[in-house]
There are 2 protein chains.
Amino acid sequence: MTSLWFPVSQTLYLRDPLSSLLGRRILMESVRLIDELGFEHFTFKKLADAINSTEASVYRYFENKHRLLLYLIDWYWLWLDYRFSIVIQNLVNPAERLKACLRVLLSEELPGIYSEGLDPKALKRLVMAEFEKTYLTKQVDRDNKEGVFIPYKAVCKKLAAMVLEINPKFPFPHTLMNTVLLSATHQLFYAEHLPSLTDIKFNPHHHDRQLEEFLKLLIFKTIEP
Amino acid sequence: MTSLWFPVSQTLYLRDPLSSLLGRRILMESVRLIDELGFEHFTFKKLADAINSTEASVYRYFENKHRLLLYLIDWYWLWLDYRFSIVIQNLVNPAERLKACLRVLLSEELPGIYSEGLDPKALKRLVMAEFEKTYLTKQVDRDNKEGVFIPYKAVCKKLAAMVLEINPKFPFPHTLMNTVLLSATHQLFYAEHLPSLTDIKFNPHHHDRQLEEFLKLLIFKTIEP
DNA sequence: TCGTTTATGAAAGTAATACTATCATTTTAT
DNA sequence: ATAAAATGATAGTATTACTTTCATAAACGA
């Protein structure tokens with residue numbers, strides 16, 4: 001089994017899900033199920049049934065479904081970060097680097113994370129729909145102290161650094177990149193479900209290009225001195 | 001009792017909460033409680049206890065807590081829209097109008113919605129923390145058909161129209177204003193809880209000015225021809 | 001003022017959720 | 001071969017998200 005292993009924070013699990021077949025089945029099936037049912041209707045019972053295991057067994061890996069969600073989402077951002085590092089390897093111009101990262105962020109061509117099993121498109125949809133719910137909670141400070149938002153912060157920081165390379169005087173690099181990341185994860189959701197909120201037309205083959213155009217405009221016009 | 005009545009969609013309630021004292025107490029106390037507990041830990045039982053009523057009575061007004069949340073949030077956007085219409089009344093220049101709306105959006109000086117009872121700051125925090133959860137669900141299309149997102153769409157549309165008045169050729173007015181609205185509702189949350197994601201410093205007396213500066217930059221640089 | 005809707009309260013009940021605990025069995029590691 | 005660890009099976013608890021029923025109180029209309 002080909003795998004990309006990412007150092008997801010150990011505080012997120014009780015037993016490492018990558019260390020066993022059952023653990024990996026929990027990860028793969030939970031991505032599928034959360035994407036299908038939505039996080040609020042996803043339960044460990046349903047997950048256990050789907051993988052022919054039991055609730056008790058799932059609870060041995062993850063304390064609760066919130067932590068499992070954090071795990072999956074951290075994984076997504078680590079994976080994105082990894083793909084960023086690959087595409088910028090051969091580019092020296094910071095503006096080119098930023099554009100390349102933007103393309104990776106928006107790309108609909110997603111390689112499998114495991115050669116089989118985990119569905120990267122489902123994971124991306126899951127992040128789009130559920131990411132904000134992970135920190136818009138009353139436990140955000142506790143979770144944050146444990147470092148569960150580090151992977152997202154790292155992505156944001158990396159992009160912000162590129163912005164500063166382009167214009168070292170720009171005063172809001174993190175705020176801007178954070179805004180861009182959230183907009184990127186949401187606009188396609190709007191295009192599909194609340195089209196009057198966006199000018200991007202829902203069209204699986206072209207909307208990512210429109211979104212790319214918008215975000216490039218937004219970033220490069222805003223940061224120019 | 002001085003009140004600003006807004007035509008919140010009738011599909012959101014079973015019995016009009018503005019029509020009785022109990023109904024108004026439900027609204028006021030639910031704002032307080034959701035702000036205090038967060039939406040996931042808010043229950044009709046707790047609400048009923050807080051107003052010395054019963055679960056059954058609350059259910060006679062709202063089908064479930066999701067609908068109650070939608071009601072409160074719709075109310076917020078209707079109220080914002082109303083404040084927009086007031087500040088732009090005496091302004092003719094579209095750029096000035098847009099800036100004035102931005103100030104209203106970010107302003108921390110919030111008049112009471114009812115002379116007593118409903119806490120507007122708590123309502124604003126509630127919208128910041130919970131708004132996205134109302135549409136990032138599997139029922140978004142059903143809810144949308146019922147018109148429950150109309151007030152937010154109206155705000156977005158109004159701002160987008162101002163953008164087009166400034167630059168009729170700008171191709172993404174809705175996408176941009178939607179992005180701005182979301183950023184505005186989130187950045188102060190970041191400043192407080194996840195400061196490394198933003199350059200805005202948490203400081204109750206100044207952060208809204210910093211955010212205003214960022215958003216003005218973002219909007220006016222992006223839309224200039 | 002009487003009678004009748006209508007709103008609320010009180011209490012009980014149900015199905016699902018989010019866990020926890022116990023113990024037997026299987027798998028794995030030594 | 002034996003001990004340790006992982007899993008399955010089953011049961012149990014507290015809470016949530018409702019629904020139902022019935023009694024009482026307030027409001028309202030003739």
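Here is the naming used below: chain letters follow the sequence lines, and residue numbers restart at 1 for every chain. Every value quoted in this text rests on a predicted model; they were computed, and no experiment measured them.
- The NZ atom of B/K65 sits 4 Å away from the P atom of D/dA17 (whole-angstrom rounding).
- Among the protein residues, A/K45 comes within range of no part of the nucleic acid, since none of its heavy atoms lies under 4.0 Å from any strand.
- Residues A/F42 and B/G23 both approach DNA chain C. Their nearest nucleotides, taken by heavy-atom distance, put B/G23 toward the 5′ side.
- Distance, A/I51 CD1 to D/dG8 C1': 12 Å, rounded to whole Å.
- Rounded to 10 degrees, the angle separating the terminal helix axes of the helix from C/dT1-D/dA30 to C/dT30-D/dA1, each built from five base pairs, is 20°.
- In this structure, B/F62 reaches neither bases nor backbone, as no heavy-atom distance under 4.0 Å exists between it and the strands shown.
- Classification of the B/Y135-A/F189 ring pair by plane angle, with boundaries at 30° and 60°, yields tilted.
- Among the protein residues, B/E63 comes within range of the sugar-phosphate backbone only, with heavy atoms under 4.0 Å from sugar or phosphate atoms but none that close to a base.
- Separating the OH atom of A/Y61 from the P atom of D/dA5 is a distance of 14 Å, rounded to the nearest angstrom.
- When ring centroids are compared, B/F131 and B/W77 come within the 6.0 Å threshold.
- A donor and an acceptor atom, one from each side chain of A/N178 and A/K153, are nowhere located under 3.5 Å apart.
- Neither OP1 nor OP2 of C/dA10 sits under 4.0 Å from any side-chain N or O of B/T54.
- In this structure, B/L33 places its CG atom 13 Å from P of D/dT16, rounding to the nearest Å.
- What separates CG of B/L14 from P of D/dC18 is a distance of 11 Å, to the nearest Å.
- Atom CZ in B/R15 sits about 14 Å away from atom P in D/dA27, given to the nearest Å.
- As a whole-Å value, the separation of A/K46 NZ from C/dC19 P is 15 Å.
- Candidate nucleotides C/dT8, D/dT7, C/dT20 were compared by shortest atom distance to the side chain of A/Y59, and C/dT20 ranks first.
- A donor atom on one side chain and an acceptor atom on the other are not found under 3.5 Å apart for A/Q210 and B/T175.
- Between A/H186 and A/Y190, the ring planes are parallel. Angles under 30° get that label, and only those over 60° would be called perpendicular.
- Among the nucleotides D/dC18, C/dA11, D/dA9, the one closest to any side-chain atom of A/R60 is D/dA9.
- For A/T43, counting side-chain heavy atoms from C-beta on, the closest listed nucleotide (C/dA7, C/dC23, C/dA18) is C/dA18.
- A close approach under 4.0 Å does not occur between any side-chain nitrogen or oxygen of A/S53 and OP1 or OP2 of D/dA9.
- Looking at every heavy atom in both residues, A/K124 comes nearest to A/Y76 through CG-OH, 3.7 Å.
- Listed candidates were D/dA17, C/dA11, C/dC19. Nearest to the side chain of A/E55 is C/dC19.
- Taking atom CG of A/L37 as the reference point, atom P of C/dA16 lies 15 Å away to the nearest angstrom.
- In this structure, A/F172 has its ring center under 6.0 Å from that of B/F214.
- For B/N64, counting side-chain heavy atoms from C-beta on, the closest listed nucleotide (C/dG9, C/dT20, D/dC18) is D/dC18.
- There is no side-chain donor-acceptor pair under 3.5 Å between B/S9 and B/Y71.
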